[in-house]
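Here is the structure we will look at.
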Amino acid sequence: MPRRDPSTLRQTTRLPRPGSARDPLRWWREARFGLFIHWGLYALPAGVWRGERVPGIGEWLMFSKKVPVADYAQLATRFHPRHFDAAAIVRLAREAGQRYLVITAKHHEGFAMYHSAASPYNVVDATPWHHDPLADLARECRRQGVTLCFYYSQDLDWHHPDGAWNTWDFAAAKKDTGRYLRTKVYPQLRELLTRYGPVGLIWFDTPLTITRAHAAAIRRFVKRLQPRCLVSGRIGHGLGDYGIPRDNQIPPGRPTGDWEVCATLNHTWGFKRHDHAWKPAGRLIQTLVESASKNSNYLLNIGPDAEGRVPGPSATRLRAIGRWLRANGASVYGTAPSPFAHDFPWGRMTTRGRVLYLHFFSRPPRHFELRGLRTRVRTAAPLLAPGKKIPVAQGLDPATGTPVLRLDCATLRFTAPVTVVALHLAAAPAVVPGPIQEPDRTLTLLSGEARVRPTRAKLGLSPLGLTLRWTRPADWLEWRATVLAPGDFTVEVITTHQHLEPWSGGHTARIEAAGQTLRHVLTRDAEIPYAQAAYFPRLATRMGRLHVAAAGELTLRLHLDKILPPPKERPLWDDLSPLIVGVRLLPA
Ligand code: FHN
């Protein structure tokens, strides 16, 4: 892996566009689940270079070891994947329930995995295999009804003298981006968009040095050749048709806009023979559900080996997801996100018109309670047993008037990893805005549900619901939350960071609520366990105790009184200010 993960903080996303027959995102929103394939010359070293295990993600080996182009290109002479079987790979995607496939046409190593006239450094001309796997995949995708898409590294290219980031072979001062785009990127995009039939999307990646003008020109170029082809958010500069969080990142709460979570089955993208950190299938299913609940597709990766074989543990997991989807797919495909902007401790929600799907990640208590749903529930039943109605009671909390829904789950059979209950509503779901205390008395205030103050603050919130540019003590976050059961609480501030990047801590935080003040330096007091903790750890700082005397609306303000300057080392990303996930109140 690069020391830092240079993905995507610089991209933003547009707001969702309304669905219509002419909406190019329609098929993609309907699909919700896709197969990512990282395959290139890096599958040969598979994470080992000259006998030494290279840390990090496999496809970055050339960069990590600063392998000279002349040496790295020798790999092509050994690339002969006898076991590559496009029909089997597309079949696997279908078995997994994946509706589109994104294959690396050219990754940062610069090697074209198809027959490119624009560069002899390609899988047909430079290998003893002399074969175009993208042509096979295109044919099989058509035959088996999977949407074909291409990954293309438009900025980083370590083979081309003018491509970004190979400065061990090519002097940075002599690089001419325009020449790289003219001689490689545009000709190759033209090939990809004219030779393989309709392409669902081009998955651009890692927009680190590309200018807005170049990104806009690439977008126009794609749309001219295939107007319905989508452009991923990692084209940069907010020019994508949808956004992509950083690798393996799931945002807290419900972000704004259309998103695609891209994720690995182990840690690497390209095949690495020593990476056996396979994620359990149950967790992957929960992440798929969680993505859908956040208006996000889930693009799950395989890295075939140098023989073209899909690692066994990858195939097993994909098939397990497929089995779950065959039964429960109605609660995922083509669904809209949760009507709530916050996460629940018991699972996630998706919506389809007047149906609200509750995805339980663990067995619910017999008397399950959901707070904040304003719409009348006509019936509730397990998705897999619609005849087994679950008794429903709806009422108002006497102290606050908050709508409370109770399900009697005595007869509900919970099956791990996710059991879906469908609520049929009298109308499309409407909910109480803002955070609401849970029945276990915890109250989570996500940054995405806060208001930024004052109105002309420099502080902002990203569409993913994390703080941006918190550099001025004069700015603050403010929540109006509903408390049903008052009392004493332990208050925590939750921060995060990308695991390879520094955590921004040590600032002095102050909380004002219920007439009390809590002040504490942001320290790492505990790490909160959750599915993506390996990639985006969530760290809790204990601020102290708060007494809330009465039920009703609680206004809580988070200030940073003292903000430390960012580290001296020049960051790749724009903003190194504290990333605040939110504030949590736990019953004391
Ligand atoms: O640098 C790449 C990486 O190799 C991989 O392709 C991932 C997939 O999202 N994208 C970049 C890092 O974010």
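Below, each value reflects all heavy atoms present in this structure, side chains not excepted, and no hydrogens, waters or symmetry copies. Note that ligands are numbered from 1 as they come in the structure, with each ligand's atoms numbered from 1 the same way.
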Nearest heavy-atom neighbours spanning Ile494 and Arg538: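 Looks like CG2-CB, 3.9 Å.
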
Parallel, tilted or perpendicular: rings of Trp129 and His131 (30°, 60°):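 Rings of His131 and Trp129: tilted, as their planes differ by 30° to 60°.
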
Shortest heavy-atom approach to atom 2 (C) of ligand 1 - which of Arg234, Gln249, His108: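 Selected option, by shortest heavy-atom distance: His108.
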
Heavy atom to atom 11 (C) of ligand 1, shortest distance: which of Thr104, Ile57, Asp205 holds it?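 Answer by nearest heavy atom: Asp205.
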
Interfacing atoms of ligand 1 (cut-off 4.0 Å, heavy-atom, [X]):
X	result
Glu59	3 (C), 4 (O), 5 (C)
Cys262	9 (O)
His107	3 (C), 4 (O), 5 (C), 6 (O)
Trp60	1 (O), 2 (C), 3 (C), 4 (O)
Trp203	9 (O)

Name all residues meeting the side chain to side chain donor-acceptor pair (under 3.5 Å) criterion together with Glu109; count only those two or more places apart in sequence or in a different chain, and write none if there are none.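 Expected list: Tyr72.
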
If I apply the N/O under 3.5 Å rule, does His38 come out as touching ligand 1?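 Yes.
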
Output all residues satisfying ring-ring contact (aromatic ring centres under 6.0 Å, His included) with Phe79, sequence neighbours left out; order by chain, then residue number.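 With sequence neighbours excluded, Phe79 shows a ring-ring contact (aromatic ring centres under 6.0 Å, His included) to Trp39, given in chain and number order.
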
Aromatic ring proximity His359/Phe361, centre distance under 6.0 Å: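 Between His359 and Phe361, the centre distance exceeds or equals 6.0 Å.
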
Quick check: does any side chain N or O of Thr467 sit under 3.5 Å from a backbone N or O of Pro578, one acting as donor and the other as acceptor?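 Between the backbone of Pro578 and the side chain of Thr467 there is a qualifying donor-acceptor contact (under 3.5 Å).
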
